[in-house]
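First up is the structure itself, then whatever we jot down about it.
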There are 2 protein chains.
Amino acid sequence: MATIKDVAKQAGVSVATVSRVLNDNGYVHGNTRKLVIEAIQQLSYKPNEVARSLFKKKSRLIGLLLPDIRNPFFPELARGIEDEIQEQGYQLIIGNIDEKYPKEMDYIQTFQQNNVTGIITATNLTGRSHYDDLSSPVVFLDRTFNDHPSVFADGIEGGRMAASELVKRGSKRITILKGPAQLQTAQDRFNGAIAWLRAEKVDFSVIETSSFSFSDAEMWAKELFEKYPDTDGILASNDVVAAAVLHEALRLGKAIPEDLQLIGFDDIPLSRLLFPPLSTIRQPAYDMGKEAAKLLIRLINKETHFEKNIRMPVMFIERQTTRKVEENG
Amino acid sequence: MATIKDVAKQAGVSVATVSRVLNDNGYVHGNTRKLVIEAIQQLSYKPNEVARSLFKKKSRLIGLLLPDIRNPFFPELARGIEDEIQEQGYQLIIGNIDEKYPKEMDYIQTFQQNNVTGIITATNLTGRSHYDDLSSPVVFLDRTFNDHPSVFADGIEGGRMAASELVKRGSKRITILKGPAQLQTAQDRFNGAIAWLRAEKVDFSVIETSSFSFSDAEMWAKELFEKYPDTDGILASNDVVAAAVLHEALRLGKAIPEDLQLIGFDDIPLSRLLFPPLSTIRQPAYDMGKEAAKLLIRLINKETHFEKNIRMPVMFIERQTTRKVEENG
DNA sequence: TTGAAAGCGCTACCAC
DNA sequence: GTGGTAGCGCTTTCAA
């Protein structure tokens with residue numbers, strides 16, 4: 001790999017001059033600049049980002065922390081972030097926490113030790129504050145944490161929406177899968193739903209769940225139908241869990257949506273490929289990622305006067321696990 | 001952040017000594033070592049990896065290139081790699097190519113500029129050779145490229161297996177979704193299947209497809225049933241595509257597996273949550289990731305005398321989109 | 001067994 | 001406008 005010295009020698013100038021044209025600052029004569037650019041091309045020189053980063057204490061890297069890369073919701077978030085930051089010349093590096101606490105610490109440290117310019121985190125460890133004393137700005141995505149900058153979907157409204165759509169379409173005995181207790185976003189959905197159901201005096205039951213993982217979901221699905229065999233409307237804590245419930249319901253011979261309605265949360269790409277296609281509350285994952293990236297870049301640039309906590313709208317996606325709403329109902 | 005100088009001062013020794021205990025090389029007296037370790041703890045000092053990397057021209061980072069982070073197969077690969085390399089003290093950084101060629105170049109460059117110690121790539125651009133003149137070792141995963149080190153599943157056997165299982169269970173008019181032409185692994189499956197079908201003189205048709213993406217898959221599913229409405233056995237190029245086909249088949253009122261059998265490829269986590277649960281050819285994604293990581297680490301350590309091209313076994317996973325095989329059939 | 005110092009590749013200050 | 005050079009934090013000779 002050619003270094004800045006090689007370029008300087010080739011162009012017959014000093015490294016200082018090369019550095020100036022590289023960073024496009026300071027005075028440099030048109031001819032000199034041309035010389036340098038030629039030399040750069042001839043040697044196909046690429047600046048060593050490590051050396052740059054050592055001096056500047058900042059890199060072109062942005063770190064993303066994901067709780068579980070296998071849940072399709074999170075890759076979608078990542079896509080939105082990527083598209084936004086690459087436009088600004090940053091590169092994304094993803095760390096997968098795998099829902100394990102020590103991994104989160106490791107990655108934060110790795111990010112710091114490698115001088116990332118900013119961090120976006122979607123992890124869900126309980127109220128720890130390693131994020132408080134970081135030198136780089138942090139944005140919480142699909143999460144909130146004290147008054148840190150954050151981007152999140154409107155879970156309360158989402159829960160309310162899911163409950164009301166279910167009841168509007170005729171469900172009388174709702175069952176709610178509650179979602180992990182330590183996850184604020186999951187609790188928002190839950191609280192939004194039960195607040196509405198209580199206000200409307202609709203009968204409902206609750207199944208406690210502790211994760212969003214594939215493997216656990218089938219277990220809760222079984223538990224649900226054993227405990228509440230005559231439920232006729234289910235609010236799943238997310239689409240992955242909904243898929244498991246759907247599967248179990250069909251295995252038990254339930255007619256969907258005739259006997260049983262089901263609404264998920266997230267709207268992951270596979271939801272429409274399920275059978276029947278899953279009705280769900282859509283979180284705008286891609287756009288949430290984009291917003292989080294924009295917010296982070298503002299923080300990096302030390303801009304002021306912008307909204308630091310962004311609530312994104314959710315939307316009911318009507319597919320075939322819910323009935324058609326009755327006309328003039 | 002404390003630096004090595006601060007530690008040296010605190011311990012009353014030189015930075016050279018601190019460096020020696022940090023890297024556990026050279027002579028250092030027991031007492032001195034203790035002093036240094038205490039100082040490190042008091043200051044909660046973490047070495048600056050950027051400075052280290054600048055000197056050594058090597059980091060603790062391993063780069064992973066994924067074609068599409070949204071296809072659940074790839075995150076699973078990533079998990080296997082992660083588990084293996086973290087045991088060895090490396091950290092994984094993931095780059096998502098999004099099936100776009102320039103992004104692959106960008107990431108390779110970013111990886112180089114940041115001195116990654118090794119690269120694992122699962123991307124599928126057509127026969128380019130940017131990988132030839134890289135300073136760090138490269139392992140191809142779920143891909144092969146010339147004689148570069150690689151880890152891949154036995155696609156030929158997988159294709160043969162899928163075809164024979166379908167026929168064994170009574171399908172007579174097979175349709176094959178071919179998969180992207182530039183992807184060697186996809187072509188292996190295809191070739192394995194048609195070789196067997198020809199040898200057995202079974203009737204089959206082919207639908208050309210050009211990607212593995214969700215959005216395209218439904219299109220091909222429709223095309224399939226329009227062109228070959230009386231097909232009674234389908235080999236999908238992967239599970240994502242199979243999900244789309246399944247969905248479309250049920251929409252058309254086909255009885256599965258009675259009228260129509262279907263086999264996917266990969267065995268992604270959602271396959272068992274589909275309805276009916278998808279029969280498929282399983283690639284051991286997690287283990288493939290682990291093997292690729294092991295191979296890379298051997299390359300990094302400049303070991304010799306080990307297998308550089310690893311073919312992993314595939315396996316038929318019998319679920320409910322295929323019929324039970326007849327006893328004494 | 002330890003310390004002084006050079007140097008990894010780059011940026012930015014100061015002189016000219 | 002341009003060049004010399006200190007220094008970012010670390011590792012590794014080389015001397016002592």
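Only heavy atoms go into these numbers, but all of them, side chains included; no hydrogens, no water, no symmetry mates. Within every chain, numbering begins at 1; the chains are lettered A, B, ... in the order of the sequence lines, protein sequences first and strands thereafter.
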Practice item. Can you run down the salt bridge (charged side-chain N to carboxylate O under 4.0 Å, His left out) pairs that involve residues 60-81 of chain B, sequence neighbours left out, and say none if there aren't any? Key: R70(A)-E76(B), E76(A)-R70(B), D98(A)-R79(B), D68(B)-R70(B), R70(B)-D98(B), R79(B)-E82(B), R79(B)-D83(B)
Exercise for review: With heavy atoms under 4.0 Å as the rule, sort S53(B) into base, sugar-phosphate or nothing.
Suggested key: nothing
**Study point:** Short side-chain to backbone donor-acceptor contact, S150(A) and L141(A), under 3.5 Å
**Key:** no
Review point. Is there a donor-acceptor contact under 3.5 Å from the side chain of Q187(A) to the main chain of P180(A)?
Key: yes
Check your understanding: Going by number, which of residues 2-21 of chain B have a non-hydrogen atom under 4.0 Å from DNA chain C?
Key -> V13(B), S14(B), A16(B), T17(B), R20(B)
Point to revise | Nucleic acid contacts - residues 35-49 of chain B versus DNA chain D, non-hydrogen atoms under 4.0 Å | key: Y45(B), P47(B), N48(B)
Exercise for review: Nearest-nucleotide wise, let me know which of R33(B) and A51(B) is further upstream toward the 5' end of DNA chain C.
Suggested key: R33(B)
Point to revise | Ring centre gap for F140(A) and Y131(A) strictly below 6.0 Å | key: yes
**Study point:** Rounded distance (Å) that lies between atom P of dT13(D) and atom CG of N23(B)
**Key:** 12 Å
Review point. Taking atom P of dG9(D) as reference, at what distance in whole Å does atom CG of L22(B) sit?
Key: 15 Å
**Study point:** Set of residues satisfying side chain to side chain contact (heavy atoms under 4.5 Å, CB included) with respect to K9(A), sequence neighbours excluded
**Key:** none
Practice item. Using the six-membered ring of Y286(B), assess whether NZ or CZ of K290(B) lies under 6.0 Å from its centre and within 45 degrees of the ring axis. Key: no
Check your understanding: Hey, are Q283(B) and D266(B) close enough side-chain-wise for a donor-acceptor pair under 3.5 Å?
Key -> yes
Practice item. Return the value, rounded to whole Å, for the distance between atom CE of M1(B) and atom C1' of dC10(D). Key: 13 Å
Check your understanding: Any ion pair linking D24(A) and R33(A) (charged N to carboxylate O, less than 4.0 Å)?
Key -> yes
**Study point:** Rounded distance [0.5 Å steps], NZ in K103(A) versus OG1 in T123(A)
**Key:** 13.5 Å
Review point. What is the distance from NE2 of H29(A) to P of dG3(D), rounded to the nearest Å?
Key: 13 Å
Check your understanding: Please give, in whole Å, the distance from dA15(D) C1' to Y27(B) OH?
Key -> 16 Å
Study note, to complete from the structure: Taking five pairs at each terminus, the helix from dT1(C)-dA16(D) to dC16(C)-dG1(D) shows an axis bend, to 10°, of 50°
Study note, to complete from the structure: Nt span of DNA chain C in reach of chain A heavy atoms at under 4.0 Å, 5' end first, is dG9(C) to dC13(C)
Point to revise | Side-chain (D142(A)) to main-chain (A122(A)) donor-acceptor, under 3.5 angstrom | key: no
Exercise for review: Determine yes or no for a side-chain-to-main-chain donor-acceptor pair under 3.5 angstrom, with D6(B) supplying the side chain and A2(B) the backbone.
Suggested key: no
**Study point:** Check: S19(A) side chain, V15(A) main-chain N or O, donor-acceptor pair, under 3.5 Å
**Key:** no
**Study point:** Nearest-Å distance for atom pair CD/C1', residues Q113(A) and dG9(D)
**Key:** 12 Å
Practice item. Give me the ring orientation class for F111(A) and Y107(A): parallel if the planes are under 30° apart, tilted from 30 to 60°, perpendicular past 60°. Key: tilted
Exercise for review: Please check if atom NZ in K5(B) has more than 12 non-hydrogen atoms from other residues, nucleotides or ligands closer than 6.0 Å.
Suggested key: no
Check your understanding: For dG9(D), does OP1 or OP2 lie under 4.0 Å from any side-chain N or O of R52(B)?
Key -> no
Check your understanding: Rounding to a whole Å, what distance do you find between N114(A):CG and dG9(D):P?
Key -> 15 Å
